[in-house]
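Report on the structure given below.
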Amino acid sequence: MVWWTRAGVVLGAVGALTTLVPFIGIAELGRRLIAGQDATGTAVIIAAALVVGFLCNGGALGLTHVADAKLQALLRRRIVARLGKVPLGWYSDTTSGAVRKAAQDDIEDLHHLLAHHDVEVTGAIVLPLGGIAYLVWLDWRLALLAVATLPIYLVAYAFMMRGFAEKMRELDSGFARVSAAIVEFVHGITVVKAFGQANRAHRGYLEAVGEYGNRYAGWVRPILRLEALTSMALAAPVVALVSLAGGVALAVDPIDLLAEVLVAMVIPTTLLTLNNGLTAQRRAVAAAERIVALLDTPELPLPADPVEPDGHLVEFDDVSFSYDGSKAVLDGVSLVCEPGTVTALVGGSGAGKSTLAKLVPRFYDVSAGAVRIGGVDVRDIAPDVLYRKVGFVLQDVQLLHGTVFENIRLGRPSASDEEVVAAAVAARIHEKILSLPDGYDTVDPVFSGGEAQRVSIARALLADTPILVLDEATAYADPESEASIQDALSVLCRGRTVLVIAHRLATISGAHQIAVLDGGRVSELGTHSELLALDGRYARMWQASAEVAL
Ligand SMILES: Nc1ncnc2c1ncn2[C@@H]1O[C@H](COP(=O)(O)OP(=O)(O)OP(=O)(O)O)[C@@H](O)[C@H]1O
């Protein structure tokens, strides 16, 4: 890849130099014609230079575009490869946003850097330098004349760029506030409207936008005025006028002056290219940093010598876990889930139920202690074996773009149509699927929350994993849907080692054991009747839920 870009840069430099030939050639042409000499040779050289310049510049961009295409493919492959190895718990709305940005926008920002920047900047440097060298060779005073207006622009540019990074940071944070205000406004619109607070929410957004607008205008307005004034120093008529006036004052040869005017007119366009190149480079560097950060996401460590678990006993052995490395979310949890039994995790919000359950399919790895399946630490089990053993049905059901068949078949890609249908029947979702416009072949069907949950149960049935992690959905639209889901779940749980995160106690009173989590520890453990007899936290929770049901 590096060689492709280097070759592109060399070709671009040759192209820039040959672009200069016609400018100089025109002056030479004039010189010969005025002197009454044959100008055919000069005309041929100009024409040849035009062709060579065109080929070199085209070839240079061709080479760098090949390099860019190779880099894009490589980066996308590396991102995909890395994402396949990060722990499942790494995925969230935020990280998904970062992945989308890196795989699309950031890689596109790199395109300019690799495919255009080097070739264009080389041309923008070589072309004026070559022209000035030619003028020095003709008459050094002409070289000075060609850059006479340049210092005005450069001084003003340096003035305009003062504190640029600081100002950009301020603008970025202002823009982040605007985005946050928009998200808040859109997310909360139903609540806000229901409580008649639309004006108030709208005001927050308007204030953020107003502040951003004022700040932006306060910075940009004086710069634009100065820019408008100083860009006149580079305007073609001004450059031509200064050159002609200077040339007459210095009494130089008119043909040499013609060459000087042509070179002087080229310089401002190359400055513009340089300026655009620098801006794109800044953006590309920021994009590259984000891509590197994504590629540096820690991988889930894979076992060097994977061990096959013996059976489906699930054990938590003195497990501690922390998301941030300091605050313990789980603190010395020990729990044994016998094969073929249902263990329910209950407890207050934030007690650590979901976190504990997600340690089994290695969404995260424990900070201390061990999670074992069939006597083997989950960290010593090959991932494909682990996912054949452990299935999960989470509250937030993800349906992929595609048909119902494809969505259910995710559980076991080799399943026949009949097996998919049988799973859907068992999951109590078959009838609903048949009512869709194209039945099982309906693309992106609209399912209610409860229906989507049953599709994911069908998927889990098809996957037929002996261990199952179940995040019980909190709310269903209607009792009928709730009953269907409970039916589907009881089919799914039969004969498996199940760990269910229970949000409503009524559904798990029949579990083989119930673990009450409190502040990341198991505070009570037993069957429903044992825990009621204990008259502790579970009994109080049960009492409270019974009162709510009344
Ligand atoms: N991805 C995460 N990153 C950082 N902290 C997290 C993350 N997920 C959960 N937590 C924190 O860990 C603690 C336990 O959360 P967890 O979701 O396991 O509790 P829970 O008992 O399942 O709660 P709920 O019933 O409300 O879902 C909470 O304080 C929560 O804020």
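The shown structure was predicted, so the numbers you read here are calculated from the model rather than taken from an experiment. First listed ligand is number 1; within each ligand, the first listed atom is number 1. Residue indices begin at 1 and follow the sequence shown.
- For ligand 1, the atoms lying closer than 4.0 Å to a non-hydrogen atom of Tyr364 are 1 (N).
- Of all the heavy atoms of Trp90, none lies under 4.0 Å from any atom of ligand 1, so neither backbone nor side chain is involved.
- Within a 4.0 Å radius of atom 6 (C) of ligand 1, the protein contributes one or more non-hydrogen atoms.
- Among protein heavy atoms, the minimum distance from atom 25 (O) of ligand 1 is reached at Lys353 NZ, 2.9 Å.
- Between Asp518 and Arg521 there is no salt bridge, since none of the side-chain N atoms of the basic residue sits less than 4.0 Å from a carboxylate O of the acidic one.
- Judged by the shortest distance from any of its heavy atoms, Gly348 lies inside the 4.0 Å radius around the atoms of ligand 1.
- One finds a salt bridge joining Arg496 and Asp464 here, because a Lys/Arg side-chain nitrogen approaches an Asp/Glu carboxylate oxygen to under 4.0 Å.
- Nearest protein heavy-atom neighbour of atom 22 (O) of ligand 1: Ser354 OG, 2.7 Å.
- Judged by distance alone, the side chain of Glu524 and the main-chain N or O of Arg537 form a donor-acceptor pair under 3.5 Å.
- Ligand-side atoms of ligand 1 in range of Thr355: 14 (C), 15 (O), 16 (P), 18 (O), range being under 4.0 angstrom from any heavy atom.
- Few gaps surround CZ on Arg76; more than 12 heavy atoms of other groups in view lie less than 6.0 Å from it.
- Using a 4.0 Å cut-off between heavy atoms, Val329 contacts ligand 1 through its side chain alone, with no backbone atom that close.
- Across all their heavy atoms, Ile501 and Ala357 have their closest contact at CD1-CB, 3.6 Å.
- Salt bridge annotation for Asp317-Arg372: present, with a cationic side-chain nitrogen under 4.0 angstrom from a carboxylate oxygen.
- Below 3.5 Å of separation, one finds an N or O of Gly352 facing an N or O of ligand 1.
- Shown here for Ala458 and Ala423, the closest heavy-atom pair between the two residues is O-CB, 3.6 Å.
- Checking atom 15 (O) of ligand 1 against the protein gives a heavy-atom contact under 4.0 Å.
- Residue contacts with ligand 1 do not include Gly347, since none of its heavy atoms lies under 4.0 Å from the ligand.
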